[in-house]
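This report refers to the structure that appears directly beneath it.
The first residue of the sequence shown is numbered 1, and numbering continues consecutively from there.
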Amino acid sequence: MPSIETSIWLALKGRVQSLTLSPALPIAWPNEDFTKPITGYLRVTHVPNTNRRLFIGSTEPNQRLGLLQLDVFSKKNQDASVGTEIAGQVAAWFPIDLRMIYGAILARVTEAPVVAQAIADDTHWLVPVTISYECFA
């Protein structure tokens, strides 16, 4: 049986894997080799945050907060709305109160995903999408 932390990650990863975009974009997963295509891709980063003990009982669940960061990399030197539109589609895939489950662990989206200001890098136009989640375990 995986740890709570692994189960949270696998619940989040499962949701990202089920994302369908047209055209499809390859996904750069944490700690996996990846060659950046010029056409565009998604980069996944999981940022667990601090745990909160909300209940008195020593066997009660902790609130586990975190962020799932999905960076949309689109082709550089095209209309900026292309990357923003893809980011909006990614954000829509994670609606408020979406329940993502792996085994007995449930992670829930706590607020509308944030599509942030785009950033130009050397090869791509980057639009960050941040998904906040919580899990009681």
query: Should Ile86 and Leu25 count as side-chain neighbours, where that means a heavy-atom distance under 4.5 Å?
result: yes

message: Checking side-chain polar atoms at under 3.5 Å, does Thr6 have a donor or acceptor matched by the opposite partner on Ser3?
response: yes

- prompt: Under a single-linkage definition using a 4.5 Å side-chain heavy-atom cutoff for Ile, Leu, Val, Met, Phe, Trp and Tyr, are Leu19 and Val115 assigned to the same hydrophobic cluster?
  reply: yes

- line: Distance col, row Tyr102:OH vs Ser7:OG, nearest 0.5 angstrom, shows 6.5 Å

In a table with atom names and distances, give each donor-acceptor pair under 3.5 Å that connects a side chain of residues 130-137 to protein atoms at least two apart or in another chain.
residue: Thr130; atom: OG1; partner: Gln69; partner atom: OE1; Å: 2.8
residue: Ser132; atom: OG; partner: Glu111; partner atom: OE2; Å: 3.4
residue: Tyr133; atom: OH; partner: His46; partner atom: NE2; Å: 2.6
residue: Glu134; atom: OE1; partner: Gln63; partner atom: NE2; Å: 2.6
residue: Glu134; atom: OE2; partner: Arg108; partner atom: NE; Å: 3.4
residue: Glu134; atom: OE2; partner: Arg108; partner atom: NH2; Å: 2.4

Partner of Asp71 under side chain to side chain contact (heavy atoms under 4.5 Å, CB included), chosen from Val129, Leu126, Val127, Val44: Leu126

task: Begin from the C-alpha positions of Met100 and Leu12 and carry the test side-chain contact (heavy atoms from CB on, under 4.5 Å) through to its verdict.
output: CA-CA 6 Å; Met100 298 166 283; Leu12 298 170; 3.6 Å; yes

- prompt: Can you list the steps and then say if Leu10 with Ile105 is a side-chain contact (heavy atoms from CB on, under 4.5 Å)?
  reply: CA-CA 10 Å; Leu10 292 174; Ile105 300 299; over 6 Å; no

- prompt: Out of curiosity, Arg15 CZ to Leu98 CG, how far, rounded to the nearest 0.5 Å?
  reply: 4.5 Å

query: Is there side-chain contact between Leu54 and Asn62, with heavy atoms separated by less than 4.5 Å?
result: no

message: For Glu60, is there an ion pair with Arg53 - N to carboxylate O distance below 4.0 angstrom?
response: no

Chi angles and distances behind the side-chain contact (heavy atoms from CB on, under 4.5 Å) call for Ile4, Ile8: CA-CA 6 Å; Ile4 293 169; Ile8 292 170; 3.9 Å; yes

- request: Could you pull out the closest heavy-atom pair between Ala92 and Pro95, with the gap in Å?
  value: O-CD, 3.6 Å

- request: Taking the side chain as every heavy atom from C-beta outward, state whether Leu67 and Asn49 have any pair of such atoms under 4.5 Å apart.
  value: no

message: Is there a side-chain contact (heavy atoms from CB on, under 4.5 Å) between Arg52 and Arg64? Walk through the geometry before answering.
response: CA-CA 6 Å; Arg52 294 181 182 169; Arg64 299 165 190 270; over 6 Å; no

- prompt: Roughly how far, to the nearest 0.5 Å, is the CZ atom of Phe94 from the CG atom of Leu70?
  reply: 5.5 Å

message: Less than 4.5 Å apart, side chain to side chain, heavy atoms only: is that true for Val16 and Trp93?
response: no

query: Are Leu106 and Phe55 co-members of a hydrophobic cluster defined by side-chain heavy atoms under 4.5 Å apart?
result: no

- line: Between Leu21 and Gln89 the two heavy atoms that sit nearest each other are CD2-OE1, 3.4 Å

query: So do Val72 and Val90 actually touch side chain to side chain, heavy atoms under 4.5 Å?
result: yes

Under 3.5 Å, sequence neighbours excluded: what are the donor-acceptor pairs made by side chains of residues 28-42?
none

